Amino acid sequence: MATAGESVVIETMGPADLAEATAVVNRAFGHRPVPRPLPSDKRLKRERRLDPIHRTMLGRLPGQTLVARKEGRIVGVMRVVEWPRCQVSPRQGLAMLPALIGVVRWDWLRWLICRYVWWRHDPRRPHLHIDPLTVDTELQGRGIGSQLLRRFCELADGTSLPGYLETDTPDNVRLYQRFGFEVTGKATIMGRTDWFMWRPAGGQKPSTNTG
Ligand SMILES: CC(C)(COP(=O)(O)OP(=O)(O)OC[C@H]1O[C@@H](n2cnc3c(N)ncnc32)[C@H](O)[C@@H]1OP(=O)(O)O)[C@@H](O)C(=O)NCCC(=O)NCCS
């Protein structure tokens, strides 16, 4: 169970933070969705290839990105986008194509299919969408993701909007459930399950033991 753990300051990402925030996202996703751990050289290569995609998401697509800082260093990143601009549109997808082509073969194909399936499942009604939420690898499990999610709940409750997200591990599902998200659907995409989760407007408050 996560505890209060690391003490972080949460603030809006500024232009000067883009590279550092992108690197956190790259590291958090650098070993996924491959089925087994990658050796460090392959992982670094994969992180470099993911960089333009994540940089575009955080720097050019709509939404507000919040960063969690520990002693000045960015250790967590959460992008929040209001419907209907929350899914990558075909035009934005095309703009990202050069970056995607640089990504390892099946990764870019999976990314495209995944985005299409997510777009199909996206609730066609107002909501605040989390995409992505990440914590730097060596600091995961210390309550930082929970602190970012608590901030998300404040944002959502402040606007009386429901929340929505896609996720791909049972551990993540359990984390989001603690913040009032419920599973509303799932899809298997190239052998991996993605869950779709909805948090009703003014959803239940996080339980006190989530950090
Ligand atoms: C998912 C993630 C943002 C959670 O942030 P966190 O700071 O690690 O989470 P917290 O410490 O606040 O909460 C811990 C809970 O998160 C869940 N969790 C998911 N991935 C985890 C991980 N790699 N390490 C630890 N907990 C994880 C578990 O439910 C855990 O609860 P438990 O201790 O009872 O098992 C972070 O682990 C991460 O960046 N993972 C990789 C990228 C990712 O999957 N992002 C989410 C995409 S939807």
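Just so it is clear, the structure is predicted and the values come from calculations on it, not from any experiment. Whatever order the structure lists ligands and atoms in, that order sets their numbers, starting from 1.
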Do the charged groups of [X] and [Y] touch, with an N to O distance under 4.0 Å?
| X | Y | answer |
| --- | --- | --- |
| R48 | D51 | no |
| R73 | D136 | yes |
| R115 | D131 | yes |
| R69 | E11 | yes |

With respect to [X], determine whether any N or O atom, backbone or side chain, lies less than 3.5 Å from an N or O atom of ligand 1.
| X | result |
| --- | --- |
| V135 | yes |
| N172 | yes |
| Q140 | yes |
| L139 | no |
| T169 | no |
| D171 | yes |
| E166 | no |

If we check side chain to side chain contact (heavy atoms under 4.5 Å, CB included) with Q87, which of these qualifies: E166, H121, R120? E166
What are the atoms of ligand 1, with element, lying closer than 4.0 Å to any heavy atom of [X]?
| X | answer |
| --- | --- |
| S146 | 10 (P), 12 (O), 13 (O) |
| T167 | 48 (S) |
| G141 | 6 (P), 7 (O), 8 (O), 11 (O), 24 (N), 25 (C), 26 (N) |
| T134 | 39 (O) |
| R142 | 11 (O) |
| G143 | 10 (P), 11 (O), 12 (O) |

Side-chain heavy atoms under 4.5 angstrom apart, residues restricted to Ile, Leu, Val, Met, Phe, Trp, Tyr: same cluster for W83 and Y116?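 No, no single cluster joins them.
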Residue part near ligand 1, for R178, under 4.0 Å between non-hydrogen atoms: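 R178 to ligand 1: side-chain contact only, backbone stays beyond 4.0 Å.
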Select one of side chain, backbone, both or neither to describe which atoms of F179 lie under 4.0 Å from any atom of ligand 1, heavy atoms only. neither
Would you find more than 12 non-hydrogen atoms of other residues, nucleotides or ligands less than 6.0 Å from K186 atom NZ? no
Answer with yes or no whether I144 contacts ligand 1, where contact means a heavy atom under 4.0 Å from a ligand atom.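 The answer is yes, since I144 has a heavy atom less than 4.0 Å from ligand 1.
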Distance only, no hydrogens: is a donor on one side chain within 3.5 Å (strictly under) of an acceptor on the other, for D194 and W118?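 Their side chains do contain a donor-acceptor pair, which is all the 3.5 Å distance test asks for.
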May I ask you to decide if L44's main-chain N or O and R49's side chain share a donor-acceptor pair within less than 3.5 Å?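 Not a single qualifying donor-acceptor pair exists.
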For the student: nearest non-hydrogen atoms of R27 and T137, plus distance: O-CG2, 3.5 Å
